[in-house]
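Below is one structure, written out as structure tokens, with a few remarks after it.
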Amino acid sequence: MTDTELLFRPGTTVVRRDVHAGRVWTAKPQRVVDDTGRVLTLAYWPGIESLAPTSWIASLATGDDTARKQGLADLVVCTWTLGRYRWTGTALLSHFLASEWFSVHCFQDATTGDPLHLMRLFGITDDTAMRYITTANPERTSALPR
């Protein structure tokens, strides 16, 4: 078998599963855009049905922050249940890099195609974003002006 036989072919549907403590947290069918063996690029768009924690689904449907926080508590003690969720609003292009601890996700408004910055998408302030980056990468950000 050659290395190219191990790659996903463009156009193939794969299911990305997020797993915590041996349990599936989310399961999302995504379309393969490209697979170089080093970078796997997947697409996700409105209308795709996936599985997600029911507390998260409830928080999106109602805007209830209590339900969202319950989802975090459920994650800690591994007591969540999964429900069907239909993705809405944004198109997503994700790049997964082999042997890296991070991935890159590019969100676009599904109607206009305009790129969405995570700060705007999730309502994160500049100050919060910089604190996160500094905490996640202290060796890289120690020389940045404060």
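What you are looking at is a predicted structure, and each value in this text was computed from that prediction instead of being measured.
For the salt bridge (charged side-chain N to carboxylate O under 4.0 Å, His left out) test, no residue two or more places apart in sequence or in another chain qualifies with Arg17. Residues passing the side-chain hydrogen bond (donor to acceptor under 3.5 Å, both in side chains) test with Ser99: none are found, sequence neighbours excluded. For Tyr85, there are no side-chain hydrogen bond (donor to acceptor under 3.5 Å, both in side chains) partners, not counting sequence neighbours. Remark: Thr88 engages no residue in a side-chain hydrogen bond (donor to acceptor under 3.5 Å, both in side chains) (not counting sequence neighbours). Among residues two or more places apart in sequence or in another chain, the side-chain hydrogen bond (donor to acceptor under 3.5 Å, both in side chains) test is passed with Gln70 by Asp74. For Arg9, the salt bridge (charged side-chain N to carboxylate O under 4.0 Å, His left out) criterion is met by no residue, not counting sequence neighbours. Here Arg68 pairs with Asp65 under the salt bridge (charged side-chain N to carboxylate O under 4.0 Å, His left out) rule; sequence neighbours left out.
Within the hydrophobic cluster formed by Ile, Leu, Val, Met, Phe, Trp and Tyr side chains joined at under 4.5 Å, directly or through other members, Val77 is accompanied by Val76. Counting side-chain heavy-atom gaps under 4.5 Å among Ile, Leu, Val, Met, Phe, Trp and Tyr, the cluster of Val33 also holds Leu93.
The two atoms that bring Thr13 and Pro29 nearest to each other are CG2-CB, 4.0 Å, heavy atoms only.
Counting heavy atoms from C-beta outward, Trp25 and Leu75 have side chains that approach closer than 4.5 Å. Side-chain contact check for His95 versus Ser103: every heavy-atom pair is 4.5 Å or farther apart. Residues Leu51 and Thr26 fail the side-chain proximity criterion, which asks for heavy atoms closer than 4.5 Å. For the pair Leu40/Val32, a side-chain contact is recorded, criterion being any heavy-atom separation below 4.5 Å from C-beta on.
Distance check, rounded to the nearest 0.5 Å: NE2 of His105 to CG of Leu42 gives 9.5 Å. Taking CD1 from Ile48 and CZ from Arg31, the interatomic distance works out to 7.0 Å, rounded to the nearest 0.5 Å. To the nearest 0.5 angstrom, Lys28 atom NZ is 4.5 Å from Arg16 atom CZ. The OG1 atom of Thr90 lies 8.5 Å from the CG atom of Asp109; values are rounded to the nearest 0.5 Å.
The stretch residues 55-64 participates, sequence neighbours left out, in these side chain to side chain donor-acceptor pair (under 3.5 Å) pairs: Asp64-Thr66. For residues 33-47, the set of pairs meeting the salt bridge (Lys or Arg N to Asp or Glu O under 4.0 Å) definition, not counting sequence neighbours, comprises Arg38-Glu100. Listed by first then second residue, pairs satisfying salt bridge (Lys or Arg N to Asp or Glu O under 4.0 Å) with a partner in residues 75-85 read Glu49-Arg84, not counting sequence neighbours.
The hydrophobic cluster containing Phe8 also contains Phe96, counting ILVMFWY residues as joined when their side-chain heavy atoms lie under 4.5 angstrom apart, directly or transitively.
Looking at Trp80, its side chain does come within 3.5 Å of a backbone N or O of Val24 through a donor-acceptor pair.
A donor-acceptor contact closer than 3.5 angstrom links the side chains of Ser50 and Tyr44.
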